[in-house]
Amino acid sequence: MVDFAGVLRTRTERDTAIRVVIDLTDERLRLRSGETEIADWSLDNIRVNAQVDGFHIKAEGEEIILDLTQDAEFAVALGLKSAPVALARRMSMVRDRAS
């Protein structure tokens, strides 16, 4: 199990944030807030785009934004290939530590 702590926002309600745990296990992305499961998606069924303000995730016709402290580790765990310059540098450092 690979877990990350983050904050979830919607594109339309940026002032409302929910603390979540992001679980990347078995080719799935699961979001939990406390004991409540918010989402459970196959990685094949979502699109993740790293932007300056967080990870934009499109699924089921909706878009959410995740902000994580361990953004580089999350991006590497997802296998993202492109990212804003600062994040791409941190991703490179994470990959270097792993090898």
Side-chain angles (χ1 to χ4, degrees):
M1 178 185 293
V2 180
D3 282 349
F4 298 93
V7 174
L8 178 146
R9 294 175 281 127
T10 64
R11 191 174 178 97
T12 56
E13 298 179 28
R14 289 179 179 255
D15 294 336
T16 304
I18 301 169
R19 293 197 178 280
V20 293
V21 173
I22 302 111
D23 173 9
L24 289 178
T25 306
D26 301 325
E27 297 297 312
R28 301 194 71 78
L29 186 145
R30 294 176 183 89
L31 300 175
R32 291 185 324 270
S33 181
E35 295 298 316
T36 305
E37 184 173 88
I38 296 171
D40 180 357
W41 298 304
S42 167
L43 293 179
D44 292 336
N45 295 333
I46 63 173
R47 192 173 77 195
V48 181
N49 185 13
Q51 296 186 21
V52 174
D53 64 340
F55 293 91
H56 289 240
I57 299 176
K58 292 186 180 179
E60 300 175 6
E62 299 291 327
E63 182 172 351
I64 62 168
I65 302 166
L66 292 177
D67 186 18
L68 294 88
T69 304
Q70 294 178 291
D71 56 353
E73 291 83 354
F74 180 72
V76 169
L78 277 174
L80 294 184
K81 302 292 182 209
S82 63
V85 174
L87 176 56
R89 286 183 183 137
R90 291 191 303 277
M91 289 168 63
S92 179
M93 292 184 335
V94 167
R95 286 186 196 109
D96 288 348
R97 283 193 309 249
S99 46

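- Of the charged side-chain nitrogens involved, none lies within less than 4.0 Å of a carboxylate oxygen, so that Arg9 and Glu63 do not count as a salt-bridged pair.
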**Asked** Checking side chain to side chain contact (heavy atoms under 4.5 Å, CB included) for the pair Arg97/Glu73: CA distance, chi angles, key distance, verdict?
**Response** CA-CA 11 Å; Arg97 283 193 309 249; Glu73 291 83 354; 3.3 Å; yes
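- Between Leu68 and Phe55 there is a side-chain heavy-atom pair separated by less than 4.5 Å.
- A distance of 11.5 Å separates CD of Glu27 from CG of Asn45, quoted to the nearest 0.5 Å.
- One hydrophobic cluster, built from ILVMFWY side chains closer than 4.5 Å, cannot hold both Ile46 and Val21; they sit in different ones.
- Annotation for Pro84 and Ala50: closest pair CD-O, 3.4 Å, computed over non-hydrogen atoms.
- Here the closest heavy-atom approach between residue Ala83 and residue Met91 is recorded as CB-SD, 3.8 Å.
- Between atom CZ of residue Arg95 and atom CE of residue Met93 there is a gap of 12.0 Å, rounded to the nearest 0.5 Å.
- Using a 4.5 Å heavy-atom threshold, the side chains of Phe74 and Ile22 count as touching.
- How far CG of Asp40 is from CG of Leu29: 8.5 Å, rounded to the nearest 0.5 Å.
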**Request:** List the steps and the verdict of side chain to side chain contact (heavy atoms under 4.5 Å, CB included) for Leu66 and Leu31.
**Result:** CA-CA 10 Å; Leu66 292 177; Leu31 300 175; 4.1 Å; yes
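- Minimum interatomic distance between Ala72 and Val94 (heavy atoms only, all atoms of both residues): CB-CG2, 3.8 Å.
- Counting only heavy atoms from C-beta outward, the side chains of Arg19 and Arg32 never approach each other to under 4.5 Å.
- Counting only heavy atoms from C-beta outward, the side chains of Leu24 and Leu78 approach each other to under 4.5 Å.
- Side-chain atoms of Thr10 and Thr16, non-hydrogen and from C-beta on, never get closer than 4.5 Å to each other.
- Residues Ile65 and Gly54 come closest through the heavy atom pair CG2-CA, 4.1 Å.
- With Asp23 as the fixed residue, the side chain to side chain contact (heavy atoms under 4.5 Å, CB included) test singles out one of Thr25, Val20, Asp26: Thr25.
- Cluster membership check: Ile64 shares its hydrophobic cluster with Leu43, using side-chain heavy-atom separations under 4.5 Å among Ile, Leu, Val, Met, Phe, Trp and Tyr.
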**Request:** Take Glu60 and Trp41 through the side chain to side chain contact (heavy atoms under 4.5 Å, CB included) test and state the conclusion after the steps.
**Result:** CA-CA 9 Å; Glu60 300 175 6; Trp41 298 304; 3.2 Å; yes
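- Separation of atoms CG (Leu8) and CD1 (Ile18) is listed at 5.5 Å; rounding is to 0.5 Å.
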